[in-house]
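Protein chains get the first letters and strands the later ones, always in sequence-line order, with residue 1 at the start of each.
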2 protein chains.
Amino acid sequence: MAMRMDPLTVEVVELIGSVVARYHEEYERAAAEHALTGAQARVLGLLSLEPVAMRKIARKLKCEPSNVTGIIDRLEARGLVERRPDPADRRVKLAAPTEEGRRMAAALRDSLDFAREPLAELSAEERTVLRDLLRRMLGQ
Amino acid sequence: MAMRMDPLTVEVVELIGSVVARYHEEYERAAAEHALTGAQARVLGLLSLEPVAMRKIARKLKCEPSNVTGIIDRLEARGLVERRPDPADRRVKLAAPTEEGRRMAAALRDSLDFAREPLAELSAEERTVLRDLLRRMLGQ
DNA sequence: CGAGTTACTTGACAATCTCAAATATCCAGG
DNA sequence: CCTGGATATTTGAGATTGTCAAGTAACTCG
């Protein structure tokens with residue numbers, strides 16, 4: 001089982017681990033700045049473009065639908081999200097941002113410095129190279 | 001506040017988001033394969049090289065020390081970790097892996113496919129380029 | 001020695017997550 | 001139309017992770 005990895009690959013994996021850690025810290029920090037948890041910020045971002053059914057939120061988050069109920073409950077209690085009926089299917093509830101929710105989502109995006117800071121180090125050419133490598137890694 | 005980002009940067013940020021999501025899924029899956037939670041797997045990995053003081057674990061995880069107490073409690077209850085006194089400071093408790101804990105940590109590393117699968121797409125030259133770009137991004 | 005700091009634990013509480021069960025609705029075949 | 005099976009959501013129980021405040025033990029330094 002133990003597939004030996006060459007030092008280069010090991011280093012790349014470790015660097016990716018650092019990027020992941022950094023990304024999470026930034027995300028949590030940005031959420032906390034607005035008195036949100038990471039999960040709440042993620043969900044608010046998800047539905048900021050258009051109303052999304054509970055089921056679909058669960059799929060995106062890769063969790064059980066019953067978990068989404070609680071997260072939407074808390075966002076709704078804070079007036080950031082509201083539940084709407086789906087005209088096409090009365091079983092479905094769509095989670096939609098309120099005006100305040102939309103403002104909050106925009107503010108969250110702005111305070112996510114992860115995008116700016118580390119990438120500012122790279123030139124446009126380097127970003128293109130990075131984009132292509134990441135695309136290939138992700139099999140796109 | 002709203003700093004407009006060019007399309008290239010936006011795409012790179014989205015790709016990094018995908019890498020982060022993928023990394024987490026893999027990590028949780030690998031942990032679950034061994035009936036561990038993500039946090040337990042992370043801590044076990046941390047102390048698999050050498051015993052680590054509770055305090056230091058908390059710093060690495062960026063959480064409160066009181067949180068680490070519970071995680072180590074559960075790992076200890078499963079016989080994967082034991083608490084040892086620090087000969088140099090009687091206040092300190094060192095969390096050290098048991099034999100079984102060491103085996104578990106090794107098995108976890110082996111089942112972390114994230115390293116292998118996506119990077120297998122890239123040649124050695126490409127990995128070198130990726131490594132250098134990630135290093136610069138992280139300011140190393 | 002004594003004051004202040006440090007390390008860890010405990011207890012109370014919130015949020016996130018899973019699973020099983022309940023309710024309401026949809027859909028397809030008869 | 002009507003019934004059986006699938007789907008969407010919620011509820012409730014319980015585990016885990018996280019915070020904060022308070023408590024205990026041990027270290028450090030003047």
Side-chain angles (χ1 to χ4, degrees), chain A residues 21 24-25 27-47 51-78 80-96 104 108, chain B residues 21 24-25 27-47 51-78 80-96:
Chain A
H24 260 86
E25 286 165 40
Y27 207 97
E28 292 291 326
R29 183 198 52 69
E33 261 178 25
H34 301 277
L36 291 175
T37 64
Q40 287 164 5
R42 217 165 305 128
V43 170
L44 189 56
L46 258 183
L47 48 77
V52 183
M54 306 294 283
R55 189 95 200 154
K56 197 168 175 185
I57 297 175
R59 270 195 301 268
K60 294 251 187 190
L61 261 59
K62 294 185 194 299
C63 70
E64 298 299 313
S66 61
N67 189 22
V68 178
T69 298
I71 297 174
I72 295 293
D73 279 350
R74 287 178 277 273
L75 287 172
E76 199 168 28
R78 288 203 31 197
L80 300 172
V81 162
E82 62 181 9
R83 284 171 164 95
R84 289 186 201 158
D86 181 342
D89 187 336
R90 279 181 301 167
R91 290 171 302 181
V92 172
K93 284 174 191 163
L94 299 173
M104 175 75 83
L108 264 169
Chain B
H24 260 87
E25 286 164 41
Y27 207 96
E28 292 290 326
R29 183 198 51 69
E33 261 177 23
H34 301 277
L36 291 176
T37 64
Q40 288 163 4
R42 216 165 305 127
V43 170
L44 188 56
L46 258 184
L47 48 76
V52 184
M54 306 294 283
R55 190 97 201 154
K56 196 167 176 186
I57 296 176
R59 270 195 301 268
K60 295 251 186 188
L61 261 61
K62 294 186 194 301
C63 71
E64 298 298 315
S66 62
N67 190 22
V68 178
T69 298
I71 296 173
I72 295 293
D73 280 350
R74 278 162 225 125
L75 287 172
E76 200 168 27
R78 288 200 34 196
L80 299 171
V81 162
E82 61 180 11
R83 284 170 163 96
R84 289 185 199 159
D86 182 343
D89 186 337
R90 278 181 302 166
R91 290 172 302 180
V92 173
K93 284 175 191 162
L94 299 174

Whole-Å distance, M54(B) CE to dT6(C) C1', equals 15 Å
Heavy atoms of L75(B) and V43(B) approach each other most closely as CD1-CG1, 4.0 Å
Regarding the side chain of C63(B), the nearest nucleotide among dT9(D), dC17(C), dT19(D) is dT19(D)
Can you confirm whether H34(A) sits close enough to L108(A) that some side-chain heavy atom of one is under 4.5 Å from a side-chain heavy atom of the other? yes
| said: Are the side chains of V92(A) and R55(A) in contact, using a 4.5 Å heavy-atom criterion? | reply: no
Rounded to whole Å, NE2 of H24(A) lies from C1' of dG18(D) at a distance of 14 Å
*Tell me what R42(A) touches on the nucleic acid: a base, only sugar-phosphate, or nothing, going by heavy atoms under 4.0 Å.*
nothing
Expected string for nucleotides 20-30 of chain D under the B/S/- scheme (protein heavy atoms, under 4.0 Å, primed atoms plus P, OP1, OP2 as sugar-phosphate) is B-----BS---
Taken to the nearest whole Å, CG/L61(A) to P/dC17(C) is 7 Å
Heavy-atom closest pair (I57(B) atom, V68(B) atom, distance to 0.1 Å) is CG2-CG1, 3.7 Å
When rounded to whole Å, the NZ to C1' distance for the pair K60(A) and dT16(C) reads 21 Å
Nearest-nucleotide check on DNA chain C, V68(A) vs T69(B); residue mapping nearer the 5' end is T69(B)
Please walk me through it: do R83(B) and D73(B) pass salt bridge (Lys or Arg N to Asp or Glu O under 4.0 Å)? CA-CA 9 Å; R83(B) 284 170 163 96; D73(B) 280 350; 3.0 Å; yes
Distances under 3.5 Å only, N/O to N/O: pair up the protein atoms with those of nucleotides 13-16 of chain D.
none

Atom CD of E28(B) and atom P of dT17(D) are separated, to the nearest Å, by 10 Å
note: I57(B), atom CD1; dT9(C), atom C1'; distance rounded to Å ~ 14 Å
Between CD1 of I71(B) and P of dC8(C) the distance, given in whole Å, is 14 Å
All heavy atoms of L94(B) vs all of A53(B), minimum pair found to be CD2-N, 3.6 Å
For V81(B) and A95(B), the nearest pair of non-hydrogen atoms, with its separation, is CG1-CB, 4.1 Å
* To do: Give a yes/no answer on whether the side chain of K93(A) brings an N or O atom under 4.0 Å of OP1 or OP2 in dT10(D).
  => yes
Next item on the list: Would you please test E25(A) and R29(A) for salt bridge (Lys or Arg N to Asp or Glu O under 4.0 Å) and show each step?
Entry: CA-CA 6 Å; E25(A) 286 165 40; R29(A) 183 198 52 69; over 6 Å; no
Taken to the nearest whole Å, CG/D86(B) to P/dA7(C) is 11 Å
**Message:** Any heavy-atom pair between the side chains of P51(B) and R84(B) that's under 4.5 Å?
**Reply:** yes
